[in-house]
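No hydrogens, no waters, no symmetry mates; every other heavy atom, side chains included, goes into these values. This is a predicted model, so every value here is computed, not measured.
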Amino acid sequence: MADLSAFPITGKWPAQYPDRLQLYSLPTPNGVKVSIMLEETGLPYEAHAVSFERNEQLSPEFLSLNPNNKIPAILDPNGPGGKPLALFESGAILIYLAEKTGKLLPADPAGRYETLQWLMFQMGGIGPMFGQLGFFHKFAGKDYEDKRPRDRYAAESRRLLGVLEGRMAGRDWIMGDDYTIADIAIWPWVRNLVGYYGAGELVGFADCPNLQRALAAFAARPAVARGLEAPARG
């Protein structure tokens, strides 16, 4: 049985199954990327919910794993060389899990880098822009009298959706026939934008039939359904 006692985070969130990968997360677009990936690959894992209401992401135990105090983070008892590995940043975790399992990332170099290109498109564009739009459209920012910040992020989100709409023309998934970590990164954010944030009309989602089709196919995957719920069950 793996000994994870050297990691302070296991003092606050004890591992019932220390031989399994430990996931510290919440059901946010970034959080569910990792639980969906784990469900898709079949890796055994144990989910721990990190309560933002209780500021658990600022606790010394969580900061010992991720000094940037963001979810998700993982602790893999069976990391490289058989040693435990602690990792944060959802994109880095997706790449790590893809390489660990040999799944959902093309083996050929050209396909690999093209997939990583679209993963970075989500990390650098979709996530930050959709998140800012959510603040100005749904949360405290919605009460600002000046709507120029909201409109700025709405326009950029609409542009990013247009890039995706063009990419998905004649494709089942971001990389064509093959479902990859690029899909796992992108579609939770699109789902959140039009669902939880309620910004579909603002960004013209009705004019994106390719995205509507792909999002429905993503949501219909059993592993996705399980992964969307996993962080909340922890």
Stepwise side chain to side chain contact (heavy atoms under 4.5 Å, CB included) test for Ile126 and Phe121: CA-CA 7 Å; Ile126 284 180; Phe121 172 79; 3.4 Å; yes

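- For the pair Lys83 (side chain) and Pro80 (backbone), a donor-acceptor distance under 3.5 Å is absent.
- Between the side chain of Asn55 and the main chain of Leu58, no donor-acceptor pair closer than 3.5 Å is present.
- In summary, of the residues considered (Asp183, Ile184, Val190), a side chain to side chain contact (heavy atoms under 4.5 Å, CB included) with Ile186 occurs for Val190 alone.
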Derivation and outcome, side chain to side chain contact (heavy atoms under 4.5 Å, CB included), residues Ser35 and Glu229: CA-CA 8 Å; Ser35 51; Glu229 298 296 328; over 6 Å; no

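- Using a 4.0 Å cut-off between charged nitrogen and carboxylate oxygen, Glu40 and Arg221 count as a salt-bridge pair.
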Phe136/Lys142 under side chain to side chain contact (heavy atoms under 4.5 Å, CB included): CA gap, chis, key distance, verdict: CA-CA 5 Å; Phe136 285 103; Lys142 70 179 184 300; over 6 Å; no

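- A side chain to side chain contact (heavy atoms under 4.5 Å, CB included) with Glu99 is found for one member of Ile95, Thr101, Leu97 and no other, namely Ile95.
- In terms of modelled atom types and a separation under 3.5 Å, the side chain of Lys100 and the main chain of Leu43 share no donor-acceptor contact.
- Distance alone, capped at 3.5 Å, places no donor-acceptor pair between the Glu61 side chain and the Ile9 backbone.
- A donor-acceptor pair under 3.5 Å links the side-chain atoms of Ser25 to the main chain of Gly31, judged by distance alone.
- Closest approach of Ala182 and Leu119 over heavy atoms only: CB-N, 4.4 Å.
- What you find for Lys12 and Ser59 is that their closest heavy atoms are CD-OG, 3.7 Å.
- In this structure a side-chain-to-backbone donor-acceptor pair under 3.5 Å is present from Asn78 to Asp19.
- Not a single donor-acceptor pair under 3.5 Å links the side chain of Glu156 to the backbone N or O of Met129.
- A cation-pi arrangement is absent between Lys70 and Phe88, since the terminal nitrogen or guanidinium carbon is not both under 6.0 Å from the aromatic centre and inside a 45° cone about the axis.
- Residues meeting the side chain to side chain donor-acceptor pair (under 3.5 Å) test with Gln57, sequence neighbours left out: none.
- Judged purely by atom type and a 3.5 angstrom limit, Glu46 uses its side chain to pair as donor or acceptor with the backbone of Tyr17.
- Using the six-membered ring where Trp is involved, Trp189 and Phe130 have ring planes that are perpendicular, over 60° apart on the 30 and 60° scheme.
- Salt-bridge check for Arg171 with Glu165: failed, with every basic side-chain N at 4.0 Å or more from each acidic carboxylate O.
- Within the 3.5 Å criterion, the main-chain N or O of Leu202 finds a donor-acceptor partner in the side chain of Arg158.
- A perpendicular orientation is assigned to the rings of Phe62 and Trp13, their planes being inclined by more than 60° (bins at 30° and 60°).
- Under a 3.5 Å cut-off, the side chain of His137 and the backbone N or O of Arg150 do not form any donor-acceptor pair.
- The shortest heavy-atom contact between Val32 and Pro29 is CG2-O, 3.6 Å.
- With salt bridges taken as basic N to acidic carboxylate O contacts below 4.0 Å, one links Glu39 and Arg226.
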